[in-house]
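As structure tokens, the structure follows; a few thoughts come after it.
This is a predicted model, so every value here is computed, not measured.
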Amino acid sequence: MNHELVISAGTVDITPERPSMLGGYNKRTDPFTAVADRLEGNVLIIKDSTSRVVIVSTDLLYPGDALRNELLKALSIVNNESELFLCASHTHYAPMTALSMPRLGVADLDYVRFVAARITALIKSIEQTGNVCIATYHEGAANHSINRRLRCFRVTSQGLARNIGMGPNPEGERDEQVRILKFCEPGGQPLALIWNYACHAADSVDGLKVSAAFPGVVRSRLRSDLGRIPVLFLQGFSGNVRPPFTGTSFGVKGLVRRALLGPRFRTPRRPEWQAWSNSLADCVASFAQSSPRRLQVGSPMAKRIEVPEDEFAIGGDGNKPLVWHLIDCGELRIVGINAEPMVQYRKLLAKSLGDVPLLTAGCLDQTQCYLPSDEMIPEGGYEVEGFRPLFNFKGRFREKVQDPVIQRLTRTATQPRRGNA
């Protein structure tokens, strides 16, 4: 049965108004010095007479529990929190808002409240309005990322050893598909857009300037074609992929690091950064204008599915469960998780959830950990072990993590749709 799709959408500026510490790098301890480009919160509400979901995309590293709880209380949905799908672009150039991860940046609670107030005001200003629209799905391969898990010889505390570390791996797995949902008036005028791509937003030119990184560049390019519409970015399953700025860092120090640690990533020069991000933006903009697949979107249903910590890790404190957030609209599904999954999880979910357009997002809510694939557990590396002190993650992954984590979602996703839970 055809369903009349109604949306409300809006954008709000969340650029900090006073200096604070940026999130993302444990060696960056000074507050930001300037604003390279503005940060935004973009909101899309999908609704009908019986249900709704509120999708909030923020230019942040991770949203964090404090921000989520502030929004739930302000919107009076504490008892129906599946309505709020809260995600971050994962830019490493925004103030930290996750209070429990101080090694990645000390959060400013006043900034958390500022962001919550701005987003709350936006949602309340648009929630009583609505536009009947059509939804279309677009897709294309961008080829702008690189795998960052590299096995090579390095000097370690045990001497020269061949192990897994951070380094450019052109042969490693990636997910290069850009997936786009475009919402337009029946006459064709764009109203809002969601785009989804798996690539760490870990690079910009100046480490002490506020920036939305590449999601901001793409957003500006899309608006130049489609008008000043809300543009939401869903950071794909990108735990082991990032921009491909590789090669020897400049100077003697860079040469020594290359000799001791193997091939490395480096901070891009401004022309490199601009060329890469603008090229990606051109790709996404072209896909957004490509021949669409029109979707028959049903009543929006949302569910949150918890995976207890002891199902995927041992030796932890038990307070870091993973939570899947599923939005099911019939011919369209959006699945997010409060982790940074490896790109391999995209294929695993697509195989389990069937042949419907599927957008996948990491970096939801209070992001708990990286989520490695089974084959990575014995290999080690940052995504298995190295991240743990930065995330205050005391447990260690079980030998098999994929099945218990995915099966919790698929058991729920394959049940008949019954509304928000």
Side-chain angles (χ1 to χ4, degrees), residues 24 26 61-62 64-65 88 90 98 100-104 147-152 154 156-158 161-167 169 172-175 198 200 202 235-242 304-325 335-352 360-412:
N26 61 316
L61 183 72
Y62 310 114
D65 275 345
H90 199 51
S100 64
M101 308 161 85
R103 294 190 185 186
L104 286 175
N147 191 287
R148 71 180 195 179
R149 282 176 60 87
L150 178 67
R151 182 184 294 277
C152 70
R154 297 179 174 85
T156 70
S157 58
Q158 287 77 40
R162 191 169 185 267
N163 64 4
I164 291 284
M166 289 278 192
N169 180 8
E173 191 163 351
R174 299 173 290 160
D175 175 15
H200 256 76
Q235 177 60 264
F237 291 172
S238 58
N240 51 341
V241 290
R242 55 158 292 157
R304 288 170 64 84
I305 304 105
E306 182 173 308
V307 185
E309 183 182 344
D310 61 7
E311 292 192 8
F312 62 91
I314 56 176
D317 51 21
N319 66 357
K320 292 188 178 296
L322 296 179
V323 180
W324 291 106
H325 201 148
V335 175
I337 191 170
N338 62 335
E340 292 193 53
M342 305 301 109
V343 294
Q344 287 87 338
Y345 279 85
R346 165 73 203 189
K347 290 182 179 179
L348 294 170
L349 286 193
K351 181 179 179 180
S352 300
T360 50
C363 302
L364 268 62
D365 307 332
Q366 178 59 54
T367 301
Q368 304 286 30
C369 60
Y370 277 77
L371 188 56
S373 62
D374 288 352
E375 65 182 8
M376 294 178 184
I377 305 299
E379 295 176 341
Y382 178 79
E383 296 83 2
V384 178
E385 290 287 343
F387 79 90
R388 292 172 56 246
L390 301 178
F391 282 59
N392 194 28
F393 188 83
K394 297 180 175 62
R396 282 188 162 82
F397 291 112
R398 294 184 178 274
E399 291 183 1
K400 302 292 184 181
V401 297
Q402 292 173 185
D403 285 349
V405 171
I406 290 176
Q407 286 172 4
R408 282 275 183 169
L409 170 66
T410 55
R411 282 197 296 266
T412 299

(request) Determine, stepwise, if the pair Leu322 / Ile337 fulfils side-chain contact (heavy atoms from CB on, under 4.5 Å). (result) CA-CA 7 Å; Leu322 296 179; Ile337 191 170; 4.3 Å; yes
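- For Gly395 against Arg388, the heavy-atom pair with the smallest separation is O-NE, 2.8 Å.
- In this structure the side chain of Ser100 never reaches within 4.5 angstrom of the side chain of Asp65, judged on heavy atoms.
- Rounding to the nearest 0.5 Å places CE of Met342 at 7.5 Å from CZ of Arg149.
- Results of the side chain to side chain contact (heavy atoms under 4.5 Å, CB included) test with Asn338 over His325, Gln366, Glu306, Gln368 single out Gln368 as the only residue that passes.
- Looking at every heavy atom in both residues, Leu390 comes nearest to Arg103 through CD2-CB, 3.8 Å.
- Note that CH2 of Trp324 and OG1 of Thr410 are 9.5 Å apart. Values are rounded to the nearest 0.5 Å.
- Glu379 pairs in a side chain to side chain contact (heavy atoms under 4.5 Å, CB included) with only one of the listed residues (Val384, Ile164, Asn163), which is Ile164.
- Residues Arg411 and Ile305 fail the side-chain proximity criterion, which asks for heavy atoms closer than 4.5 Å.
- Considering every non-hydrogen atom in both Tyr62 and Cys363, the closest pair reads CE2-SG, 4.1 Å.
- Looking at heavy atoms from C-beta onward, Arg304 lies in side-chain contact with Asp365 at the 4.5 angstrom threshold.
- Here CZ of Phe393 is found 5.0 Å from CD of Glu309. Values are rounded to the nearest 0.5 Å.
- Put simply, CG on Asn319 and CG on Asn392 are 8.0 Å apart, with the number rounded to the nearest 0.5 Å.
- Looking only at distances, no side-chain donor or acceptor of Arg174 sits under 3.5 Å from a matching main-chain atom of Arg242.
- Atoms CG and OH, on Asn240 and Tyr345 in that order, are 10.5 Å from each other to the nearest 0.5 Å.
- Closest heavy-atom contact between Gln402 and Ser373: OE1-CB, 3.2 Å.
- Under the 6.0 Å cut-off for aromatic ring centres, Tyr382 and Tyr370 qualify, their centroids lying closer than that.
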(request) Given side-chain contact (heavy atoms from CB on, under 4.5 Å), test Phe237 with Leu371 step by step and report yes or no. (result) CA-CA 9 Å; Phe237 291 172; Leu371 188 56; over 6 Å; no
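- Interatomic distance, NZ of Lys347 versus CD of Glu173, reported as 4.5 Å (0.5 Å rounding).
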(request) For Lys400 and Asp374, run side-chain contact (heavy atoms from CB on, under 4.5 Å): C-alpha distance rounded to whole Å, both residues' side-chain angles, the deciding distance at 0.1 Å, then the answer. (result) CA-CA 5 Å; Lys400 302 292 184 181; Asp374 288 352; 3.5 Å; yes
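- Nearest approach of Glu311 to Val307, heavy atoms of both residues: OE1-CG1, 3.9 Å.
- Side-chain contact check for Leu61 versus His90: some heavy-atom pair is nearer than 4.5 Å.
- Shown here for Ile377 and Pro372, the closest heavy-atom pair between the two residues is CD1-CG, 3.6 Å.
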(request) Could you give me the CA-CA distance, side-chain angles and deciding distance for Phe391 and Glu340, then say whether side-chain contact (heavy atoms from CB on, under 4.5 Å) is met? (result) CA-CA 11 Å; Phe391 282 59; Glu340 292 193 53; 3.8 Å; yes
